[in-house]
There are 2 protein chains.
Amino acid sequence: MHYTRDNMAGLLRSHDINPTHQRIEIAHALFSRQEHLSADQVMAIVNTRHSETSKATVYNTLKLFLEKGLVREVIVDPSKVFFDPNTSPHHHIYEVDTGKLSDIDAEHVQISGLPPLPTGMVTEGIDLIVRVRRAS
Amino acid sequence: MHYTRDNMAGLLRSHDINPTHQRIEIAHALFSRQEHLSADQVMAIVNTRHSETSKATVYNTLKLFLEKGLVREVIVDPSKVFFDPNTSPHHHIYEVDTGKLSDIDAEHVQISGLPPLPTGMVTEGIDLIVRVRRAS
DNA sequence: ACAGCAATCTGGACTTTGTCTAATATCCGG
DNA sequence: CCGGATATTAGACAAAGTCCAGATTGCTGT
């Protein structure tokens, strides 16, 4: 299945998002690349094409996608948030010197021995980040 | 053992840090509380006392402490970095609605099944963050 | 077609966190 | 007490993100 703009409209609708021109472009930027992009990068990509999309819209749209479960937020760099079109359970490897971020499939990763949560709390998600750097 | 300012001087020296007045105050803020503090919070605490410490010094000092292994950085909130005086291996629970951050001792937590690292890479650290919220 | 209305988009001002710089202050050895 | 290295400072700056009031878009019913 390819990530055409038409398919993006369907994807948005299936997540209860009104598929506007700008939203389709932003979704396309994320899904056609299958990469982790910052808001900045999304804006740059979307604005190399014909139509201009404002900063406010990029941020609003990414937040909307997040709420609707279309993308995931990855917080590894203190200076910017990355948005991840892969919402299946997985973890991340972060190369601290280059900023490169890649996925680890959660399928074979086992985390055991976590203490019980405080009462009345539910888990929203577990983020596992392996920070690596080039051996010196 | 109490976290007096005198003991802070020793702690700093043992980490190869010249114990100046400002550095002692900042270390004291972190270690006497044993809490996760942001740069902002550190500055607020340090400046309620007699002496004023500039923003630049607070940031410089926290970065220095980080390099010297005196504190650890915790990246869970896109808008600010927390500094953790606990450098022993441990993980974190983050309450997404309140911003409260607490420790999970790593002793009994087992993480298995991680894939091999790309060649030439070494692990700098593994961050495990359990994001929780009040059940609704 | 088109008036009315809700949803969306926009530029730009604003906030916050953090960095940088050049000048000043402090400390220490001789 | 001089001189150099180390530390601190105020304030300008940068980057990410938020907010708002006004303009656009795209339905809906007639």
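All heavy atoms count here, side chains included; hydrogens, waters and symmetry mates do not. These figures come from a predicted structure and were not determined experimentally. Just so we're on the same page: letters track the sequence lines, and every chain starts at 1.
Side-chain N/O atoms of A/Thr20 include one lying less than 4.0 angstrom from OP1 or OP2 on C/dC9. One finds a side-chain N or O of A/Gln22 lying less than 4.0 angstrom from the OP1 or OP2 phosphate oxygen of C/dT10.
If you take CG of A/Asn60 and P of C/dG11, they are 13 Å apart, rounded to a whole angstrom. Between the P atom of C/dT24 and the CD atom of B/Glu52 lies a distance of 20 Å, rounded to the nearest Å. D/dT6 atom P lies 17 Å from atom CZ of B/Arg13, rounded to whole Å. Counting to the nearest Å, the P atom of D/dT6 and the CG atom of B/Leu12 are 18 Å from each other. Rounding to whole angstrom units, NZ of residue B/Lys63 and C1' of C/dG18 are separated by 9 Å. Taking atom NE2 on B/His21 and atom P on D/dA7, their separation rounds to 16 Å, with Å as the unit. What separates CZ of A/Arg23 from C1' of D/dG26 is a distance of 13 Å, to the nearest Å. Following rounding to the nearest Å, B/Gln41 (CD) and C/dG18 (P) show an atom-to-atom distance of 11 Å.
A salt bridge does not link A/Arg134 to A/Asp97: none of the charged nitrogens lies less than 4.0 Å from a carboxylate oxygen. The pair B/Arg131-B/Glu95 does not meet the salt-bridge criterion, since no charged nitrogen lies less than 4.0 angstrom from a carboxylate oxygen.
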When you compare the protein's N or O atoms with those of nucleotides 11-17 of chain D, which come within less than 3.5 Å of each other, and at what distance?
from: D/dA16; atom 1: OP1; to: A/Lys80; atom 2: NZ; distance (Å): 3.2
from: D/dA16; atom 1: OP2; to: A/Asp40; atom 2: OD2; distance (Å): 3.1
from: D/dG17; atom 1: OP1; to: A/Val81; atom 2: N; distance (Å): 3.3
from: D/dG17; atom 1: OP2; to: A/Tyr59; atom 2: OH; distance (Å): 3.0
from: D/dG17; atom 1: N7; to: A/Lys55; atom 2: NZ; distance (Å): 3.3
from: D/dG17; atom 1: O6; to: A/Lys55; atom 2: NZ; distance (Å): 2.7

Which pairs, protein N/O on one side and nucleotides 25-30 of chain C N/O on the other, fall under 3.5 Å?
none

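Applying the side chain to side chain donor-acceptor pair (under 3.5 Å) criterion to B/Glu67, with sequence neighbours excluded, gives no partner residue. The side chain to side chain donor-acceptor pair (under 3.5 Å) search around A/Asn18 returns none, not counting sequence neighbours. The side chain to side chain donor-acceptor pair (under 3.5 Å) check on A/Thr119 picks up nothing, with sequence neighbours excluded. Under the side chain to side chain donor-acceptor pair (under 3.5 Å) criterion, B/Ser38 pairs with B/Gln41, sequence neighbours left out.
Classified by interplanar angle (parallel below 30°, tilted 30° to 60°, perpendicular above 60°), the ring pair B/His92/B/His36 is perpendicular.
Using a 3.5 Å distance cut-off with no hydrogens or angles, the side chains of A/Thr4 and A/Asp6 do not pair a donor with an acceptor.
At distances below 3.5 Å, not a single donor-acceptor pair connects side-chain atoms of B/Thr123 with backbone N or O atoms of B/Gly125.
The side chain of A/Thr57 lies closest to C/dC9 when the candidates are C/dC9, D/dA10, D/dA7.
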